[in-house]
Amino acid sequence: MSHSHKLVIKRSSMSRPPPPPPTTNKDQQHQNPSLQEINIKLIQSGEKERLKELLRERLLECGWIDEMKALCRAFTRKKGRNNVTVDDLVHVISPKGRASVPNSMKAELLQRIRAFLASTAD
């Protein structure tokens, strides 16, 4: 009869740096607003609609919208018009669409959101 024994080696916590001091809820909110808080600010100010319109214009200019329409048409032809739902299209095309948005466009939107947040900071 052989018994297997596990050897457990505990590392000393002496070499670890101390944890950062806890931030208060107020500090945390001021430093890093949540995505929900950012979204509320964007909506209330009308900035979200302006950003969406800018995005639509840029996507149209670069041909992205036509490319997505072509992918949808090709998928629909392949599967048969009566065999495709909107959910099917969204499921198949969305990942391709997100991946093909130019990085420069993502960077521009992020920069505009950061500038908006900086301009509204208390």
Restricting to pairs with a member in residues 48-58, which pass salt bridge (Lys or Arg N to Asp or Glu O under 4.0 Å), not counting sequence neighbours?
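Qualifying pairs: Glu47-Arg50, Glu49-Lys52, Glu53-Arg56, Arg58-Glu108.
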
Q.
Do Leu35 and Asn39 make a side-chain contact, defined as non-hydrogen atoms from C-beta onward lying under 4.5 Å apart?
A.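 The answer is no; the side chains never approach within 4.5 Å.
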
query: Would you say the side chain of Asn103 lies within less than 4.5 Å of the side chain of Lys106, judging by non-hydrogen atoms?
result: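 With C-beta onward as the side chain, the pair touches.
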
Sub-3.5 Å donor-acceptor pair from the side chain of [X] to the main-chain atoms of [Y], do we have one?
X     : Y     : answer
Asn83 : Lys79 : yes
Asp88 : Thr85 : yes
Gln44 : Lys41 : no

ILVMFWY cluster membership beyond Val84 - transitive side-chain contacts under 4.5 angstrom
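Members alongside Val84: Ile38, Leu42, Leu51, Leu54, Leu55, Leu59, Leu60, Trp64, Ile65, Met68, Leu71, Phe75, Leu89, Val92, Ile93, Val101, Met105, Leu109, Ile113, Phe116, Leu117.
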
_Let me confirm one number: the SG-NZ distance from Cys72 to Lys96, rounded to the nearest 0.5 Å._
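Spacing of SG (Cys72) from NZ (Lys96) equals 9.5 Å.
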
_Does Gln36, at its CD atom, have more than 12 non-hydrogen atoms belonging to other residues, nucleotides or ligands within less than 6.0 Å?_
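No, the 6.0 Å shell around CD holds no more than 12 heavy atoms from other groups.
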
